[in-house]
Structures are given as C-alpha cells and as structure tokens.
Amino acid sequence: MASLLHLQFIFLIAFLLISTAISNNCSSSPAPISGNTHFADCTDLPSLKSSLHWTYNSTNSTLSIAFVAPLPSSDGWISWGINPIKPSMIGTQCLIAFKASNGSMIVNTYNLTSYTSITQTDKLLFKVLNSKAEYSNGVMQILATLVLPSNMTTVNQVWQVGPTVKDGSPVAHKFDPDNLKSKGTLNLTTSSGGDGKNATAPVPAGGDGQSDNKTGGSSRIWSNNTSFYVFIMFLGVLFFLT
C-alpha cells in the first residue's frame, strides 16, 4: 500500500513540474519575479539577455508585465514600451526604470520622439495603473499593469538598456547590434501553454510606488519555478519520512 502511495506521489510531482514548465517558456532567463506575483506566460526576448513575464486579461483589457534585464553598469537603466504603429523605437510609449541618486528606484513614463532625446510625460496612449522597479545583483525589473485598447490583439514591444543616468535623465543607449534589434511583436491572444486562457497578475504590494532592493545577500527578486521545486522537494521528504 505504501509503495502505491509513493508511486502516486511521484506521478503527482511529475505532473506539477511539467505543468509549471509549460507555463513558463523562458529557458535562458529564470523568472526573477518577486513576492507572490505570478504571470500566465514568459518569453525570452531575442536580445539584451532580457525576458518578459506577462498576463493579458481580455475582460478588462489589462496587460500585466515584468520586464527583466541585466544592467550594462551599476548606474544604468532599463526600458520597456509599446509602439502603437510598428515595432520601432521612434513613437514608442515606454517605462524607464533606474536608481536615483538617493538610492530609491524610479519608474517614469516617456514618449520617444527621436534617437537623441526623450520626453518625459504622463500622457501616454495607454493608461498605466501602477508601476514598480526592483534591483538586485546587477539585474533590474519593471513591473507594471497597463490598460490597452479593447480591440488590441498584438503589441509592438520595444525594450532597451542604457549605460547611465545624468541629472535624472537616462543617457542614450549604445547602437550595438543587440541594442538595435530589441523590438518585436507580442501576441496577446496566446497565454500559458498556448491555450488562449486569461489570468490576472497584479503588481506586488506597493501600488503605484517604486521600491528598491539593494544588493548584499538576500533579494526580493525570486524565481517562481525555483520556489515551487523547493516546496515540492520539501513535501517529498516529509512524505517519505512518515
């Protein structure tokens, strides 16, 4: 009887691990999502060693995202945005995150009107319900929830990283091949496993504020998969010891 229970437990673990692997398509970038925030899908972006964790809720046309990328330098910045016309930098409405001089994390919204300058603005083509940035061990992430037009089925996404911030303004990024190809299309009709289901993914506690997670041991940036595996292993040890 005990052997049968053990076998059933092993099958349960295998099923849960496979389900989790399907729901997270990121292979090269472990999901550094903090707190209890979960996303329906994850995409390894083709440049800048970055990834996008996201959930689209068609009921209220909200897109919750976590854009994660390593910084090119300790005082650099990261950016993720939407271009309503085409996957191109010019015309992109974006969020840019960086660390302020006092050490706090900042997320501002910008309209990219040229390759040499950006305009900070609160008037974007989509509403930003909340946004937040976190940093740990050279990796920064932007978490935000956006309200999109109800008829939007695809998003022209543009992402970027930059070397530094001067006088509270991000300095222009490099024009290396990796920087120039940081654009693409996100299909909102797909979700975890490609089954078309929707899920909600609220930004962690803190609402529309920003938070900082300084380096030095512990981090609030976690991998959902790693935490899940540890939990399952813990249950397995308890089961076999009883």
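Heavy atoms only: backbone and side chains are in, while hydrogens, waters and symmetry mates are out. Treat the numbers as computed from the prediction; the structure is a model and nothing was measured.
If you take CE on Met105 and OG on Ser131, they are separated by 11.0 Å, rounding to the nearest 0.5 Å. With rounding to the nearest 0.5 angstrom, the OH atom of Tyr56 is 11.0 Å from the CG atom of Asn187. Interatomic distance, Glu134 CD to Ile142 CD1, rounded to the nearest 0.5 Å: 11.5 Å. For the atom pair OG1 (Thr55) and CG (Leu188), the distance works out to 11.0 Å, reported to the nearest 0.5 Å. Between Ser74 atom OG and Met140 atom CE the span is 9.5 Å, to the nearest 0.5 Å. Separating the NZ atom in Lys132 from the CD atom in Gln141 is a distance of 9.0 Å, to the nearest 0.5 Å.
Asn102 and Ser104 share a donor-acceptor pair across their side chains, judged by distance under 3.5 Å alone. Of the N and O atoms on the side chains of Thr145 and Ser64, at least one donor lies less than 3.5 Å from an acceptor on the other residue.
Closest approach of Leu63 to Trp80, counting heavy atoms only: CD2-CH2, 4.1 Å. Residues Trp159 and Ser47 share a closest heavy-atom pair of NE1-OG, 3.2 Å. Taking all atoms of both residues into account, the shortest heavy-atom contact from Pro46 to Lys181 is O-CE, 3.9 Å. Taking both residues in full, the closest heavy atoms of Leu143 and Phe39 are given as CD2-CZ, 4.5 Å, listed atom of the first, atom of the second, then distance. Closest approach of Ser51 to Asp44, counting heavy atoms only: CB-OD1, 4.1 Å. Taking all atoms of both residues into account, the shortest heavy-atom contact from Gly76 to Val165 is O-CG2, 4.4 Å.
Every side chain to side chain contact (heavy atoms under 4.5 Å, CB included) that Thr113 has, sequence neighbours left out, goes to Asn111, Ser117, Thr119. Every residue two or more places apart in sequence or in another chain that forms a side chain to side chain contact (heavy atoms under 4.5 Å, CB included) with Lys127 is listed here: Leu129, Val147. For Trp77, there are no side chain to side chain donor-acceptor pair (under 3.5 Å) partners at least two apart in sequence or on another chain. Residues passing the side chain to side chain donor-acceptor pair (under 3.5 Å) test with Gln160 are Asn179, Ser182, sequence neighbours excluded. Residues satisfying the side chain to side chain contact (heavy atoms under 4.5 Å, CB included) criterion with Asn108, sequence neighbours excluded, are Phe98, Ile106, Tyr110, Gln120. Partners of Asp75 by side chain to side chain donor-acceptor pair (under 3.5 Å), not counting sequence neighbours, listed by chain and number: Ser73, Thr164. Under the rule for a side chain to side chain contact (heavy atoms under 4.5 Å, CB included), the partners of Leu124 that lie at least two apart in sequence or sit in another chain are Gln93, Thr109, Thr121, Phe126, Val128.
With Ser79 contributing its side chain and Leu95 its backbone, the two residues share a donor-acceptor pair below 3.5 Å. A distance-only check finds a donor-acceptor pair linking the side chain of Asn156 to the backbone of Asn83 [under 3.5 Å].
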Please test Asp167 against Ser169 for side chain to side chain donor-acceptor pair (under 3.5 Å), starting from the C-alpha separation and ending with a verdict.
CA-CA 6 Å; Asp167 298 327; Ser169 181; over 6 Å; no
Name every donor-acceptor pair, under 3.5 Å, that has one atom in a side chain of residues 148-155 and the other anywhere in the protein, sequence neighbours excluded.
none

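Residues Cys42 and Trp54 fail the side-chain proximity criterion, which asks for heavy atoms closer than 4.5 Å. Side-chain contact between Leu146 and Thr62: absent, with no pair of heavy atoms (C-beta onward) separated by less than 4.5 Å. Put simply, the side chain of Leu71 reaches to within 4.5 Å of the side chain of Ile78, judged on heavy atoms.
By the criterion of side-chain heavy atoms lying less than 4.5 angstrom apart, applied directly or through intervening Ile, Leu, Val, Met, Phe, Trp or Tyr residues, Leu48 is not grouped with Val158; the two fall into different hydrophobic clusters.
Partner of Gln157 under the side-chain contact (heavy atoms from CB on, under 4.5 Å) criterion, chosen from Ile65, Leu52, Thr185, Thr92: Leu52.
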